[in-house]
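One-based numbering, in listed order, for ligands and for the atoms of each. The first residue in the sequence is number 1, and the count goes up from there.
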Amino acid sequence: MKDPNCLFCKIIDGVLPSVKVYESANVLAFLDVNPVEKGHVLVVPKRHWPTIADLPVSDSCDIRCAEELMYIMRVVAKAVSSSFADGVNVLQANGGCAGQTVPHLHFHVIPRYGKEPVQPVWRSGAGKYTGEEERDLFAKRISEAVNCIVAEERIVK
Ligand SMILES: [Zn+2]
């Protein structure tokens with residue numbers, strides 16, 4: 001399952017070059033060509049899933065690919081933070097308004113150095129609710145949607 005126009009599918013197929021740090025039948029991890037910090041790694045599935053919502057939910061070889069993707073993302077983050085960085089961010093974006101520029105699911109593993117906290121991609125507190133009523137409305141919407149998806153996909157018992 002590949003998209004011939006996808007930048008990451010081309011990297012996976014070797015049509016475009018990359019500096020690989022890990023590769024298996026299901027997952028590729030390589031250095032970001034525009035690193036936020038030295039050692040910035042992208043971890044991608046070898047299946048063309050555009051966003052996290054496209055991850056498989058049924059028992060198949062695709063679900064094993066998804067499990068391995070999560071595992072390798074964890075391992076790369078652990079390796080970076082234990083071998084040379086002072087900390088690590090793991091970032092994942094879905095959709096253009098979230099900052100996703102390549103529509104092929106990927107995790108950024110970004111080493112951080114020094115003692116000063118980085119400016120996060122979000123502004124903490126910028127999304128203040130008008131009050132408890134609005135806050136509770138958002139909680140209700142999210143809760144209902146989560147329960148609906150869980151019921152449809154029947155993964156969590
Ligand atoms: Zn792709």
Side-chain angles (χ1 to χ4, degrees), residues 1-113 118-124 126-127 138 141-157:
M1 191 170 67
K2 300 261 173 66
D3 177 341
N5 299 314
C6 170
L7 183 69
F8 289 170
C9 284
K10 289 179 182 175
I11 287 174
I12 290 162
D13 286 344
V15 174
L16 292 175
S18 68
V19 179
K20 297 174 185 175
V21 298
Y22 175 84
E23 183 169 21
S24 72
N26 294 317
V27 176
L28 179 65
F30 56 96
L31 295 183
D32 193 307
V33 293
N34 294 307
V36 170
E37 292 277 9
K38 292 176 183 178
H40 178 171
V41 175
L42 297 177
V43 183
V44 306
K46 286 193 170 179
R47 312 289 196 283
H48 181 81
W49 294 318
T51 71
I52 201 161
D54 300 304
L55 281 171
V57 293
S58 60
D59 189 24
S60 65
C61 69
D62 279 352
I63 198 87
R64 285 187 290 281
C65 177
E67 289 169 351
E68 186 179 337
L69 174 68
M70 295 298 134
Y71 174 69
I72 295 304
M73 180 267 297
R74 172 192 165 271
V75 169
V76 170
K78 186 175 179 179
V80 163
S81 60
S82 67
S83 60
F84 60 88
D86 299 312
V88 63
N89 287 116
V90 176
L91 300 174
Q92 195 275 321
N94 302 282
C97 71
Q100 184 182 23
T101 56
V102 178
H104 181 127
L105 177 64
H106 56 285
F107 290 87
H108 294 263
V109 179
I110 305 169
R112 298 298 187 179
Y113 307 99
V118 298
Q119 293 299 313
V121 294
W122 61 88
R123 290 172 293 130
S124 189
F138 271 86
R141 281 181 184 157
I142 295 166
S143 177
E144 287 174 356
V146 166
N147 287 324
C148 185
I149 292 168
V150 168
E152 283 175 12
E153 296 182 346
R154 296 193 178 119
I155 295 300
V156 180
K157 304 291 182 217

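- In summary, the side chains of Glu68 and Ser24 do present a donor paired with an acceptor at a separation below 3.5 Å, with no hydrogens or angles considered.
- Contact check for Asp54 versus Leu105: no side-chain heavy atoms found under the 4.5 Å cut-off.
- Side-chain contact annotation: Asn26 with Arg64, donor-acceptor N/O pair under 3.5 Å absent.
- Excluding waters, the count of protein N/O/S atoms less than 2.8 Å from the Zn ion (ligand 1) comes to 4.
- Under the 30°/60° scheme for interplanar angles, the aromatic rings of His40 and His108 are found to be tilted.
- Here the side chains of Val80 and Glu37 are not in contact, with every heavy-atom distance at 4.5 Å or above.
- Residues Met70 and Phe107 are in side-chain contact: their nearest non-hydrogen atoms beyond the backbone lie under 4.5 Å apart.
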